Amino acid sequence: MMTITARCGAFSSYLQATKHTLRSLVFPGAKDAVTAAAPGGIRLAHTDIKIPDFSDYRRPDVLNPKKSSQESSNSRKAFSYLVTGATTVVGVYAAKTVVTQFISSMSASADVLALSKIEIKLGDIPEGKNMTFKWRGKPLFVRHRTEKEIAAEAAVSIAELRDPQHDKDRVVNPKWVIVLGVCTHLGCVPIANAGDFGGYYCPCHGSHYDASGRIRKGPAPLNLEVPYYEFPDDDTVVVG
């Protein structure tokens, strides 16, 4: 501490003498070590370093150090708000794009969507007959009912049904019954135009369905499932 003070203070010579006297009393015969330090009175400071000029990066409103920056605070805040708002909008749009692409990547492809629907020409199915088609890996029953079958199914009392459902609630056009050919008991495939009620019969465990696909006898708990379908014209039906 004394050495540092002696180099740069006004009492340099007095402190050097005091230091020499104390060393002689504590260590008799000891000699002062020759130091390579700068002579007393010279301040060792790197005053030749140039401070970088950041004026090119500062806003014109705050270049003058004698001028209060509060006078231009509103304009600078407006610029900051504009940059923040623009960044937020871009970030939200980018996030929306990423989420949309991620969700669309999990959607069904064009070939899968093509198989999700089936178009059936009804003119190929004679009256009173049933035809089976493959739809989404399952059998699809399309039945062209006669006037007698339509009247018989409409006259059934829903009070005597295990799974109460009126015939008109299961068909769009009374002439056509469209159901999945999967027994609601254990998933077997029933036989069309068979059974005690002239509709569908599952020989695996003896479930009998009528011509509307409703369970009438046997262990099956529910009616045959009716998929979504629509008629683009009188001779065509699209299922799915």
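In this chain, numbering begins with 1 at the start of the sequence shown. Computed from a prediction, not measured in an experiment: that's the story for all the values here.
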Q) Quick check: does any side chain N or O of S207 sit under 3.5 Å from a backbone N or O of C202, one acting as donor and the other as acceptor? A) no
Q: Work out which heavy atom in E230 is nearest to a heavy atom in P232; give both atom names and the distance.
A: O-CD, 3.3 Å
Q) Looking at D210, T184, D163, which one forms a side-chain hydrogen bond (donor to acceptor under 3.5 Å, both in side chains) with N223? A) D163
Q: Evaluate the side-chain contact (heavy atoms from CB on, under 4.5 Å) criterion for residues H205 and L186: first the C-alpha distance (whole Å), next the side-chain angles of each, then the deciding distance (0.1 Å), finally the verdict.
A: CA-CA 9 Å; H205 301 92; L186 293 177; 3.2 Å; yes
Q) Would you call E153-R170 a salt bridge at under 4.0 Å N-O? A) no
Q. Can you name the nearest heavy-atom pair linking R214 to D167, along with the distance?
A. NH1-N, 3.4 Å
Q: Please name the pair of heavy atoms, one in F197 and one in K217, separated by the smallest distance, quoted to 0.1 Å.
A: CE1-CB, 4.0 Å
(Q) Any heavy-atom pair between the side chains of I178 and L140 that's under 4.5 Å? (A) yes
Q: Compare every heavy atom of P139 with every heavy atom of V189, then report the nearest pair and how far apart it is.
A: CG2-CG, 4.0 Å
Q: May I ask you to establish whether R143 and Y200 are in a cation-pi arrangement, using a distance under 6.0 Å from NZ or CZ to the six-membered ring centre and at most 45° from the ring axis?
A: yes
Q | Min side-chain heavy-atom separation L180-L224 under 4.5 Å | A | no
Q) Is V171 linked to F133 within one hydrophobic cluster, defined over Ile, Leu, Val, Met, Phe, Trp and Tyr using a side-chain heavy-atom separation of less than 4.5 Å? A) yes
Q. Heavy-atom distance under 4.5 Å between the side chains of V172 and Y229, does that happen here?
A. yes
Q: May I ask you to decide if G128's main-chain N or O and H144's side chain share a donor-acceptor pair within less than 3.5 Å?
A: no
Q.
Would you say that more than 12 heavy atoms from the other residues, nucleotides or ligands in this model lie under 6.0 Å from the CZ of F231, or not?
A. yes
Q.
Strictly distance-based, threshold 3.5 Å: is any side-chain N or O of T236 a donor or acceptor partner for the main-chain N or O of D233?
A. no
Q. Aromatic ring centroids of Y209 and Y201 under 6.0 Å?
A. no
Q: Mind listing the closest non-hydrogen atom pair of V182 and G187 along with its distance?
A: CG1-CA, 3.6 Å
Q. Is V177 reachable from I191 through a run of hydrophobic residues whose side-chain heavy atoms are each under 4.5 Å from the next?
A. no
Q.
Given 3.5 Å as the limit, does a donor-acceptor pair link the side chain of H185 with the main chain of P219, or not?
A. no
Q | Shared hydrophobic cluster for V226 and V156 (ILVMFWY, side-chain gaps under 4.5 Å) | A | no
Q. Do you know which two heavy atoms are closest between G137 and K134, and how far apart they sit?
A. CA-CE, 3.9 Å
Q: Answer yes or no: is there a donor N or O on one side and an acceptor on the other, between the side chain of D235 and the main chain of G123, under 3.5 Å?
A: yes
Q: Determine yes or no for a side-chain-to-main-chain donor-acceptor pair under 3.5 angstrom, with R145 supplying the side chain and K129 the backbone.
A: no
Q. Is a side-chain N or O of R136 found less than 3.5 angstrom from the main chain of G240, in a donor-acceptor match?
A. no
**Q.** same_hphob_cluster(I118, V237) at 4.5 Å side-chain heavy-atom cutoff
**A.** yes
Q) Where the side chain of Y93 meets the backbone of T88, is there a donor-acceptor pair that is under 3.5 Å apart? A) no
